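Before any comments, here is the structure.
The structure presented is a predicted model; accordingly, all values stated were derived computationally and were not measured. Naming convention: chains lettered A, B, ... in sequence-line order (proteins, then strands); numbering from 1 in each chain.
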Amino acid sequence: MSEDKDRVEGYRQQSGKLPFSRPGSGGSRKMSEPRDEDKIANIRGNGGHKHDDVVTGSAVGRPTALIDGRWKVTGQAQYGDDVRLPGELVGRIVRSKHHYARVLSIDVSAATELPGVVAVATGQDASGRFGVLPVTKDEHAMAQEKVRHVGDLIACVAATDEATAREAVRLVEVEYEELEAVHDMRQGLENSEEPIHDRGKYHIGASNVQKRVFQEFGDIEGMSANAVVSHNSNWLFAGANHGFTEPHAVVANWDPSGRLTLYTPQQVPHYVHRALADVLDIPMHQINVHRTFVGGGFGGKSDPFPHEMCAAILSRKTGRPVRINFDREEVFWVNRGRHPSRIGMNLHADSKGRLCGIETDALIDGGAFASFGHVTTYYNGVLHTAPYEIGAFHYTGARVWTNKPASGAMRGHGAVNSRCAVEVGMDDLAEQLNVDPITLRLANLLPPHSATITGFRVTSIGMRECLERVRQASGWDDKFRKLPDGHGIGIGCGFFISGSGLPIHWEPNKFPHATVHLKIDMDGGVTVHTGAAEIGQGSDTVIAQSVAEVLGLPLDMIRIRSRETDTSPVDLGSYSSRVTFMNANAAISAAMEIRQELLEAAAAATDAPIERLVIGDRRIYRKDDPAVGVSYLEALHKAQEDKGALVSSGAYRTPPMGRVHKGAGAGIAPAYSFSAYVAEVKVDIETGQTKVLKVWAAHDCGKALNPLSVKGQIIGSCHMGLGQVLSEEMKYGRNGHLINPDLLDYKIPTIHEMPEIVPIIVESNDSEGPFGAKEAGEGPLLPILPAVCNAVYDAVGIRTSELPITPDRVHRMIEARCKHEGVTPLDLSSPELHHSELQEVLEARASEHASRDAMRATDPDPSDYNNGALFGFDPEIPADEQDERWVVSVTPSSDYMESPRLAGSAWKHTERRHGGDS
Amino acid sequence: MLPAPDEVPWSALVNGNEVSVRIESNAILLDVLRDKAGSLGTKRGCDMGTCGCCSVLIDGVPRLSCLTLAQEASGCGITTIEGLADGHHLHPIQKTFTECGGSQCGFCSPGFLVVISALLEENPTPNDTEIKDAIEGNLCRCTGYQQIVDSVRVASEILASGDGVEDSTTAKSDPHPSYGGN
Ligand code: FES
Ligand code: FES
């Protein structure tokens, strides 16, 4: 055989006759850097990880500039409104003036006749429904019959210039019949003459309840019976907007071959792709969704939007590209921000300082559309079943439609408000028990590799380290309850999903959540095709780093192609903090395939057994004799013989997880992040002004693949959370009108409101994360709100239950306290702490648990640990299988319905299909 | 129909290049820069003076182009984000913005960068208060400002050291390196 192989027939280049020029060689850094074994050991962490063997020390773990940063700082990055195509038209949208109305007629004649107007479209041009979740498609490109909030879309126009388009919008005459609008979310729970949507047989009574959840886990009966102290509060959270700096903008272009390209700053190009096909009634392959640079998302660009449909419809009608860009005000009409919420929170602690029950009742204001609301309704409850081990969990949640701009997913989706309520409740329990609030938390943490009361599988947990590090860094023990009056310090924790376990559109076991393709040709550069939406969080960079790490290459040899659905494999998008976990895992798998090919080629070229070879900086060589080896390019060209470019595909999907009760899928994730923050504040007793002085922010991201970005995410999360706790609020006037749809009155913190943030990265090395990594994009927002609220209590002894804590609100609470105590503000004293005997008990338990956790964290095969062990149950079996008092129930009993809580009262209605009237 | 405004000639030195166009007499500078002077790097975040994304330098002074009538800047020297780099050599603040995390989504960056370049021009070694005061009119929703301030500090060091910023077109890594010894 070997003789045959070398025989060449016909006219071919004779091997060895002509020098083989090595295309692609040349460039800087002519010498391969020695492998840095210390760095490699450091990236591997401790305790064995599936990616340990592919660590080369070349990219992961070092602070890395974003690979697309230079486009941004030179003004060359193209955002939505920067796409300019020849012959383009300007589109504008005709919006509703009323909160809720039937559209009787639309007269477009005057608009159509205006010189310069090329097309006008209305709901008649596209009647298909869409929505980000397949179960709740309740949106249309433009009004079909009704408009549901001020700013809802009625028609759109395309004109040769912006002034004409604006004038045309003014000329569209709409005749309305006003309907009675619902503004107060409590009203949404009641029956209505004209519910905002009709869900057919799934409609809940005749109400505006879009989704309701009832859950009982654990010893519900025992929670107040066993309690020695309880915390009860009723919170009111204002709605918040993402406030990204780039207003929405979109360009649609049907090319000469009849295909549509939609240029849009989107977090979820794939969902837009699907929705466009539905609404335009064309197959998905006829559409290319091109994600432009995205000027901030935070969840606000993670729905398919009606204006995207409008641009496509107008472009189809006119045969020309159409661009629609929003005014800032329109951004508020689209919204999808944090839900205004009323949250009732009761926490119970027993004589041993254990958390024997959490009862949460969350009524959330969804505004006019469903968006992600189905999920948000669950997240308000289930995402606080960790990090603490609890004896019972009772959750009632309801999301109602109101005639406001739709709420949706916003950084920390569904977890932020209720987490704030839980953590403030923990502070109050500690106060009542006369123990230190950090100690109380440390003595009640679930260990690594455990299951929560709702059955979430939690793998790595860095919560304890987060708490210990902020305690130390902030000088907590010298400050808590000891700072001068008006000056305070507070703690808050967070827990968040690192990717949603369930893909929205298919069964998790059928298709992967993320797929990445690699292509390497003779030049040696690596092209990475991924659909992960780079929205400024640095996903392109982290994927490039992951590939570079496995192949031993510098980042300047990796190029990411993540823009177009035509070339990118399907990815679900940038939401639920899934990208690093899922995409980097897929990228690593793809790179490992090519790595293997390179190693085989290098083995053939060097005659060394493959196990002896290692990958270093652009070189593959014998570990025991580094001088023997080949360059990356030599190995690549060898591997390319007979087949040309190397290509590979890697995919990620979540393992089977969780339990089976209704709703069990909401909140399951392949991993979870943890965080603990301490905030120090100063409250001006006379004006009520709160100034945050400094924040120590510890976040467990598993492994910081790009520490620069992780810190950036932590600090940026603090900024957004501080906005919500201090000043940001979508204000609705007496008639339900949004009165601050602009950045002057919607108050985002400027640099002067920002305290110094000390980011502390905690690495718990998650066994399934890419190189051990978990999320860092959303979880870091959660703790800042309660940390500030608790610090305000430490400073002036007032417990807020309304956000934001604007000076007028704080001032009112201070006044109320003064009146109650009969003192002047200047005589107010801040709270004191004298430890009870329980403090020592908790300290002992915390230290015992610390060793338990340390062992479990590194145990390659830890035993099962189910929530409930702290209450005396066998940890290996779910407590509800051991004791009949521990229940799992997802529907309310008639007993409960005798005096339901606020959101729980959503269950007084019968779903139409069960009521038999449809 | 709206009365059509008069068209007037307008010219300015935009990033060192003479731009002469006809504009409507009431045209806003931001629109003229984006649509007629080719500066799509100048961003529109709010159009009402609240975000700072549209900042440009008019005769070296930071101004909000969305609140400026184009005619006010007629005949002036205007610097936009596209004018900061010297060919393929970035301005130090552009380089440090990428390296220190000053830019995440990057939409606010053009505004911050021109404002900071003006600060550094006038005061190459600003202290933290001076940095904060300079950027108080610019909103950033991603970074929380801290890494922006870090970037300014490091840029100031580069300026003080007199080192330039390397040419971004220099050769990248050789995929065919030799054994570098171990
Ligand atoms: S666009 Fe000029 S300040 Fe916002
Ligand atoms: S980097 Fe996104 S707004 Fe500043």
Let me know if [X] has heavy atoms under 4.5 Å from chain B in its side chain, its backbone, both or neither.
X        : answer
A:Pro265 : neither
A:Arg84  : side chain
A:Met557 : side chain
A:Glu246 : both
A:Ile535 : backbone
A:Gln713 : both

Near [X] [atom1], under 6.0 Å, is it more than 12 heavy atoms from other residues, nucleotides or ligands?
X        : atom1 : result
B:His88  : NE2   : no
A:Lys623 : NZ    : no
B:Glu122 : CD    : no

Side chain, backbone, both or neither: which part of [X] has a non-hydrogen atom closer than 4.5 Å to chain A?
X        : result
B:Thr143 : backbone
B:Leu90  : side chain
B:Ser39  : neither
B:Cys142 : both
B:Leu113 : side chain

Does any non-hydrogen side-chain atom of [Y] lie less than 4.5 Å from one of [X]?
X        : Y        : value
B:Gln147 : A:Leu708 : yes
B:Ser178 : A:Met31  : yes
A:Asp742 : B:Thr50  : no
B:Glu82  : A:Thr74  : no
B:Lys132 : A:Ile751 : yes
A:Arg29  : B:Lys172 : no
B:Phe107 : A:Tyr79  : yes
A:His719 : B:Tyr145 : yes

Considering only heavy atoms and a distance below 4.5 Å, find which of [options] pairs most often with chain B.
options                               : answer
A:Ala627, A:Gly296, A:Ala77           : A:Ala627
A:Phe244, A:Tyr632, A:Phe326, A:Trp71 : A:Tyr632
A:Gly297, A:Ser28, A:Gly295           : A:Ser28
A:Pro554, A:Ala168, A:Gly69, A:Gly712 : A:Gly712

How far does [atom1] of [X] sit from [atom2] of [Y], to the nearest 0.5 angstrom?
X        : Y       : atom1 : atom2 : answer
A:Arg328 : B:Arg44 : CZ    : CZ    : 12.0 Å
A:Ile67  : B:Thr98 : CD1   : OG1   : 12.0 Å
B:Gln104 : A:Lys72 : CD    : NZ    : 8.5 Å

For A:Leu743 against B:Cys51, the heavy-atom pair lying closest together: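 Shortest heavy-atom separation between A:Leu743 and B:Cys51 comes out as CD1-CB, 4.2 Å.
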For chain A, which candidate among B:Asp47, B:Asn138, B:Asp133, B:Ile93 shows the most heavy-atom pairs at distances under 4.5 Å?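 If we count pairs closer than 4.5 Å to chain A, B:Asp133 comes out on top.
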Say whether, by atom type as modelled, one donor and one acceptor occur between the side chain of B:Gln94 and the main chain of A:Val73 under 3.5 angstrom.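 Such a contact is found between B:Gln94 side chain and A:Val73 backbone.
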Taking the side chain from A:Arg618 and the backbone from B:Asp174, do they hold a donor-acceptor pair closer than 3.5 Å?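 Between the backbone of B:Asp174 and the side chain of A:Arg618 there is a qualifying donor-acceptor contact (under 3.5 Å).
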Tell me whether A:Glu728 is salt-bridged to B:Arg141, with the criterion being a basic N under 4.0 Å from an acidic carboxylate O.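 Yes, A:Glu728 and B:Arg141 are salt-bridged.
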One thing to verify: whether B:Lys43 and A:Asp81 come together as a salt bridge, which I'm taking to mean a side-chain N less than 4.0 angstrom from a carboxylate O.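 No, no charged N to carboxylate O under 4.0 Å.
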